[in-house]
Amino acid sequence: MTTDWQSSPVATDYAVDELMITTLAGLFKNGDQACNGMASFIPVSAFMLARLTHAPDLVWLASAAGLDPRPDRVPASTLEAPLWRDSVMYIEQYGDFWNLALNGRWIQKFCVGAAQLDRYGNANNSVIGDDYDRPQVRLPGTAGLADMGSIGKQLYFWNPNHSPRSLVEKVDFISAAGYLDGGDARERLGLEGGPEVVITNLAVMDFHPVSKQMRLQSVHPGVTVATVQKATGFELLMPEGSVPETAPPTEAQVRLIREVIDPDNMRKRGFRGG
Amino acid sequence: MTTDWQSSPVATDYAVDELMITTLAGLFKNGDQACNGMASFIPVSAFMLARLTHAPDLVWLASAAGLDPRPDRVPASTLEAPLWRDSVMYIEQYGDFWNLALNGRWIQKFCVGAAQLDRYGNANNSVIGDDYDRPQVRLPGTAGLADMGSIGKQLYFWNPNHSPRSLVEKVDFISAAGYLDGGDARERLGLEGGPEVVITNLAVMDFHPVSKQMRLQSVHPGVTVATVQKATGFELLMPEGSVPETAPPTEAQVRLIREVIDPDNMRKRGFRGG
Amino acid sequence: MQEKIATLSEAIELVGDGQVVALQNMATQAAPMALVRELIRQQKRDLALIVLVGGMAVDWLAAAGVIDRLIGAAVSMEQFGLCRQYRYAVEAGRIKVEELSESVLNARLGAGARNLPFLPTRGAIGTDLIARNPDNLKMLDDPFGGHPVLACRALVPDVALVHAHRADRYGNVQYEPTILWPDIGIMPMAAKRVIVTAEEIVDTEILRRNPDRTRLPGFIVDAVVEVPYGAHPTSFFPNYTYDSGFHREWAEAARDRATATAFIDRYVRTPSSQQEYVDAVGDVSELSTIQTAEHSG
Amino acid sequence: MQEKIATLSEAIELVGDGQVVALQNMATQAAPMALVRELIRQQKRDLALIVLVGGMAVDWLAAAGVIDRLIGAAVSMEQFGLCRQYRYAVEAGRIKVEELSESVLNARLGAGARNLPFLPTRGAIGTDLIARNPDNLKMLDDPFGGHPVLACRALVPDVALVHAHRADRYGNVQYEPTILWPDIGIMPMAAKRVIVTAEEIVDTEILRRNPDRTRLPGFIVDAVVEVPYGAHPTSFFPNYTYDSGFHREWAEAARDRATATAFIDRYVRTPSSQQEYVDAVGDVSELSTIQTAEHSG
């Protein structure tokens with residue numbers, strides 16, 4: 001654990017991917033269990049950062065498969081063996097992983113990207129378009145996200161391209177249950193957990209505790225509320241009072257990300273110009 | 001494989017446990033899969049004999065756990081590591097074994113002892129007496145037998161003490177489904193397989209194809225039909241024509257049992273004077 | 001990762017009277033006997049015990065009056081006979097038995113692990129086990145029109161007790177290549193708490209050499225205790241075999257309540273530590289098996 | 001045990017047009033690519049493909065017109081992008097997708113393996129996956145009064161295709177210590193037939209040294225073929241990593257039907273053996289990874 005990360009001055013030289021990583025990392029508590037899926041460079045960087053700073057006991061199930069690994073850096077794939085190097089345990093998937101995952105007590109937090117996310121945090125990674133059998137765009141598919149949305153996890157969405165195409169009034173297909181129609185719709189199906197936070201390249205959003213509508217939590221330094229609203233396909237709820245600015249990384253955090261965690265800049269993938 | 005076992009002359013010096021082993025072994029086909037439970041010295045000896053003689057490709061899941069092991073002899077326990085020595089595979093139990101076992105295609109034959117067995121092949125290893133919560137005798141329990149009786153297996157019962165106490169009109173408790181009330185009672189529940197053969201220290205029985213009542217198939221050399229019937233707690237069906245004698249072991253089979261398979265005489269356990 | 005090192009006494013203090021305790025055990029194999037002895041020493045009462053195939057542990061707990069309910073598929077010491085103290089207690093009505101087949105027990109524990117209300121099986125259909133257990137077993141129609149199944153209600157042990165070859169201080173638990181019975185897999189996965197004894201506590205670096213042999217992640221484990229010969233008198237291959245002499249001695253003592261009590265006083269209540277227990281038993285080193293080539297990776 | 005040795009050609013002749021084929025694969029990992037190429041060479045048609053996370057194999061089979069249905073949780077080559085030929089075929093209506101979540105796919109295959117009509121999950125509840133798939137997914141009340149579950153109908157592949165580190169001539173299949181995805185466990189367990197390629201065929205004695213690493217018993221395997229680099233261009237740790245250059249070359253070719261066809265002609269249809277394929281690819285030995293200490297037992 002690097003001990004100087006908290007006393008380090010706020011960084012002035014940082015990129016938005018680094019801001020997203022430090023913001024996400026700040027949401028992990030010591031002792032949480034967290035896992036990543038494929039193409040998850042932002043969450044993987046955030047886990048590694050959290051473990052190096054405030055949450056050394058964050059339990060990481062790399063690719064949902066390798067327990068507490070020690071990759072020497074973020075590798076080119078977050079679903080290949082270099083990521084789960086030096087694991088303490090290989091978690092067998094059909095039985096053991098889903099025993100742990102379906103049991104609401106374990107793996108509290110799941111970080112994921114979504115091609116579309118709507119006002120109530122419903123996610124779509126399946127199809128764009130109205131005709132499921134002849135879609136405009138066939139997306140990769142829901143993989144484990146459809147499960148994670150229904151089994152008591154806190155979902156942390158990350159989105160490198162905040163736009164009216166990715167944040168939409170209503171998703172074309174519900175690949176993962178968010179708050180459905182809002183209010184107590186999840187409770188009525190007996191579903192615990194749900195979307196917690198959305199971190200984009202412009203802002204951080206959460207969900208109103210009663211209506212379950214997406215709500216602006218903070219805007220990134222240099223981004224206006226109007227810019228965020230214009231880039232969103234529905235009207236965002238506003239927090240009470242003024243909208244705060246997302247806390248920037250410290251110099252130590254940026255240094256850890258650039259020099260220790262991800263010297264190959266894998267985290268830039270998926271970002272425009274990245 | 002010992003090649004002289006078939007041309008070997010019929011043995012004159014053999015014990016009833018050896019006769020039961022050769023009779024049981026004769027029921028295994030090359031390529032069958034078979035498994036044993038605990039305290040199963042007769043079946044284990046029969047598997048080993050069959051593999052050394054007519055069924056070298058008999059697949060043996062020792063204790064349902066060790067695939068095709070090479071114990072150097074029948075050990076003192078049929079549920080301990082010496083039995084599954086040199087296995088090709090350790091079969092994980094919760095998942096893999098029951099995937100195989102519940103799938104009717106695999107593990108065709110299951111050999112088991114029962115404290116009580118009734119006219120329709122229902123088996124009891126649970127309690128003797130009418131009051132389940134205060135039984136006259138608490139038996140070990142059904143273990144996997146209750147499963148094997150319902151999932152398409154052929155059940156082979158062995159019984160070293162043929163008596164009216166072990167072969168009863170009606171079992172006190174159905175620990176494993178035989179033919180229930182007989183006729184098509186199994187089919188009505190969608191159950192395939194069922195009891196196939198009962199080998200005791202006096203005789204071999206099978207089940208009538210329509211009524212499903214237990215039927216005498218052969219009496220062991222020197223045993224009369226009257227003796228068998230007197231030792232049975234219900235009226236046995238008789239085969240058409242005269243009752244044949246159980247084929248005795250060959251000298252080569254007896255030699256294999258005594259010298260190679262079970263030099264420590266584990267097979268005698270459970271027999272009177274054994 | 002958080003440290004989970006405890007003493008036997010501290011670990012068993014996590015078990016409350018009246019709780020449901022899942023116990024690793026297969027007849028003469030691999031029971032966490034040091035934890036079982038500590039249950040007796042701490043005079044736990046009214047426990048329900050879950051076993052796949054229980055052995056001497058069940059008999060001791062029955063003789064000591066620790067358990068009043070057994071949920072399991074069988075109880076036997078195999079070649080050493082029935083568990084007589086258990087048997088007498090059942091016959092006298094002091095222990096109530098919820099007998100399950102193996103696939104039913106697996107389904108109940110599997111549902112518990114997965115937070116599902118039930119899992120189905122096709123085993124045990126047609127037996128009297130179902131009518132005896134209407135609260136937990138129900139026939140259920142297949143919604144797709146096939147054969148009905150037996151729905152087995154979720155079973156969540158309050159605590160699971162297991163013994164392992166090695167663990168680290170964070171509770172990551174590793175076994176040598178061995179048969180993986182459900183009692184070291186689904187039982188602890190289903191339980192609210194997990195207590196582990198291990199032949200040795202090792203540095204995490206040792207576990208990282210063979211991540212495929214780690215069976216339980218530390219984050220589901222509540223306490224881990226180093227107990228060499230922790231499974232004695234049951235076997236723990238490849239380290240040691242079962243103690244035949246000790247089993248025979250108990251089987252003889254168990255015929256009678258007074259001799260059973262004297263046996264438990266001598267071997268369970270009197271020794272105040274694992275070392276004192278091992279000293280009372282005598283030379284256990286002769287039980288050690290030679291690690292053969294096929295057992296080493 | 002019975003011998004199961006076959007050639008690639010003989011093995012894939014066991015697959016009939018229109019059948020349901022389960023394929024080992026995780027994005028860029030561990031697909032039995034030699035078998036996939038043989039499916040294309042033998043011009044199989046109208047296959048339904050089951051994948052957990054399909055990668056290049058799916059794209060090739062889509063481009064070659066072998067599959068008209070996909071049952072799976074995702075299709076992606078991760079860092080190398082979407083599978084474009086597959087995507088175009090779906091968008092044109094030539095391939096129908098039955099999308100399932102991972103726990104639903106596991107439940108469907110698990111029910112198939114266990115001869116159960118269904119298995120339940122609590123995953124995917126609330127999603128549109130359920131309404132799109134009424135034949136196979138139904139909400140079901142808990143007979144014990146708890147929350148309803150999602151009943152997932154049994155799925156039985158006609159054949160499963162897997163690649164392994166080693167096998168013996170009897171079809172016993174062994175993996176080096178590695179992550180055990182469902183595609184090397186429940187998929188072949190559920191299938192009517194199992195076809196295996198292995199980096200090497202070894203004597204059974206070799207398997208007996210590590211019985212804990214044997215994943216499939218020979219009696220469920222129908223054919224076994226020795227194919228070094230049989231997973232190329234996907235990774236097969238610890239033996240070799242994925243071929244980045246080859247993946248990029250395909251991702252580029254897959255943008256267009258003509259270039260995709262030319263690619264498949266060159267690398268799939270023209271080579272008449274695994275050796276000719278490897279020669280066409282170029283030097284694959286540089287993909288070999290150094291077996292590190294933690295991978296060896």
Side-chain angles (χ1 to χ4, degrees), chain B residues 37-39 63 65-66 76-82 84-87 90-96 98 101-102 122 124-127 129 131-152 171 173-178 180 185-186 189-191 266 269, chain C residues 26-29 52-54 70 72-76 78-79 82-83 86-93 95-97 99-104 106 109-110 121-129 132 146-148 150 177-183 185-186 235 237-238 241-242 244 289 292 294-295:
Chain B
M38 63 182 167
S63 310
S77 163
T78 63
L79 190 66
E80 281 280 2
W84 52 77
R85 176 179 156 171
D86 278 357
S87 287
Y90 288 160
I91 300 169
E92 182 272 325
Q93 290 291 299
Y94 172 78
D96 290 345
W98 289 103
L102 287 163
N122 302 301
N124 177 16
N125 278 338
S126 299
V127 289
D131 184 349
Y132 179 84
D133 287 323
R134 293 181 76 112
Q136 283 173 255
V137 182
R138 176 68 228 185
L139 297 165
T142 190
L145 176 58
D147 298 310
M148 292 299 184
S150 305
I151 54 178
V171 291
F173 188 92
I174 300 181
S175 303
L180 302 168
R186 279 184 74 88
L189 285 177
L191 305 182
M266 296 298 169
R269 293 187 179 181
Chain C
M26 283 293 284
T28 52
Q29 287 174 51
L52 183 61
V53 178
L70 184 122
V75 175
S76 164
E78 210 207 358
Q79 52 174 303
L82 293 176
C83 292
Y86 159 76
R87 181 186 149 185
Y88 299 154
V90 175
E91 288 163 10
I95 294 179
K96 195 170 176 333
V97 181
E99 185 173 333
L100 304 172
S101 72
E102 289 183 32
S103 85
V104 169
N106 285 343
L109 290 166
T121 182
R122 290 276 302 160
I125 293 175
T127 69
D128 285 343
L129 298 171
R132 293 295 323 173
H147 287 304
L150 180 61
T178 185
I179 302 299
L180 298 171
W181 306 110
D183 53 5
I186 202 66
S235 66
F237 284 92
T241 186
Y242 52 90
S244 293
T289 60
T292 50
E294 70 271 17
H295 284 119

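Order of the sequence lines sets the chain letters (A, B, ...), proteins ahead of strands, with each chain counted from 1.
Counting heavy-atom pairs closer than 4.5 Å to chain B, the top-ranked of the candidates C:Gln79, C:Lys96, C:His147 is C:Gln79. Of the listed residues (C:Ser103, C:Gly126, C:Ser76), the greatest number of heavy-atom pairs within a distance under 4.5 Å of chain B belongs to C:Ser103. Of the listed residues (B:Pro140, B:Gly178, B:Gly141), the one with the most heavy-atom contacts under 4.5 Å to chain C is B:Pro140. Of the listed residues (C:Pro182, C:Ala124, C:Gly54), the greatest number of heavy-atom pairs within a distance under 4.5 Å of chain B belongs to C:Ala124. Among B:Gln136, B:Met266, B:Arg134, the residue making the largest number of heavy-atom pairs under 4.5 Å with chain C is B:Arg134. The greatest number of non-hydrogen atom pairs below 4.5 Å with chain B, out of C:Val75, C:Val53, C:Leu82, is found for C:Val75. Chain C forms the most heavy-atom pairs under 4.5 Å with one residue out of B:Ile151, B:Leu145, B:Ile91, B:Val137, and that residue is B:Val137. Counting heavy-atom pairs under 4.5 Å between each of B:Ala39, B:Gly129, B:Pro82, B:Pro135 and chain C puts B:Pro135 at the top. Comparing B:Glu92, B:Met38, B:Met148 by how many heavy-atom pairs each has under 4.5 Å with chain C, the most go to B:Met38. Highest contact tally toward chain C, considering only B:Ala143, B:Ala177, B:Ser77, is held by B:Ala143 [criterion: heavy-atom pairs under 4.5 Å].
Taken from CG in C:Asp128 to OG in B:Ser126, the straight-line distance is 8.5 Å, to the nearest 0.5 Å. In this structure, the separation between CZ on B:Phe173 and CG on C:Leu129 is 4.5 Å, given to the nearest 0.5 Å. Between atom CG of residue B:Asp147 and atom CD1 of residue C:Ile125 there is a gap of 10.0 Å, rounded to the nearest 0.5 Å. Between the OG1 atom in C:Thr127 and the CG atom in B:Asn122 there is a gap of 10.5 Å [rounded to 0.5 Å].
Residues forming a side-chain hydrogen bond (donor to acceptor under 3.5 Å, both in side chains) with B:Tyr94 (at least two apart in sequence, or on another chain): none. The salt bridge (charged side-chain N to carboxylate O under 4.0 Å, His left out) check on C:Glu91 picks up C:Arg87, with sequence neighbours excluded.
Of the two parts of B:Leu180, only the side chain, counted from C-beta on, holds a non-hydrogen atom closer than 4.5 Å to a non-hydrogen atom of chain C. Only the side chain of C:Ile186 comes within less than 4.5 Å of a heavy atom in chain B; its backbone stays farther off. For B:Ala176, the part lying near chain C is the backbone, with the side chain staying farther off; criterion is any non-hydrogen pair under 4.5 Å. Neither the backbone nor the side chain of B:Val127 comes within contact range of chain C; no heavy atom of the residue lies under 4.5 Å from a heavy atom of that chain. Within the 4.5 angstrom heavy-atom criterion, only side-chain atoms of C:Tyr242, from C-beta onward, approach chain B. There is no contact between C:Leu109 and chain B, counting heavy-atom distances below 4.5 Å. For a residue to count as touching a neighbouring chain, one of its non-hydrogen atoms must lie under 4.5 Å from one of that chain's; by this rule C:Ser244 does not touch chain B.
Looking at C:Glu99 and B:Arg138, a side-chain N of the basic residue comes within less than 4.0 Å of a carboxylate O on the acidic one, giving a salt bridge.
Using modelled atom types, one side-chain atom of C:Arg122 and one backbone atom of B:Gly190 make a donor-acceptor pair closer than 3.5 Å. A donor-acceptor contact shorter than 3.5 Å is absent between the side chain of B:Gln93 and the backbone of C:Leu180. Under a 3.5 Å cut-off, the side chain of C:Gln29 and the backbone N or O of B:Leu79 do form a donor-acceptor pair.
Between C:Thr28 and B:Glu80, the side chains place a donor N or O and an acceptor N or O closer than 3.5 Å (distance only, hydrogens not considered).
In terms of heavy-atom proximity, C:Trp181 sits nearest to B:Ser63 at CH2-O, 3.7 Å.
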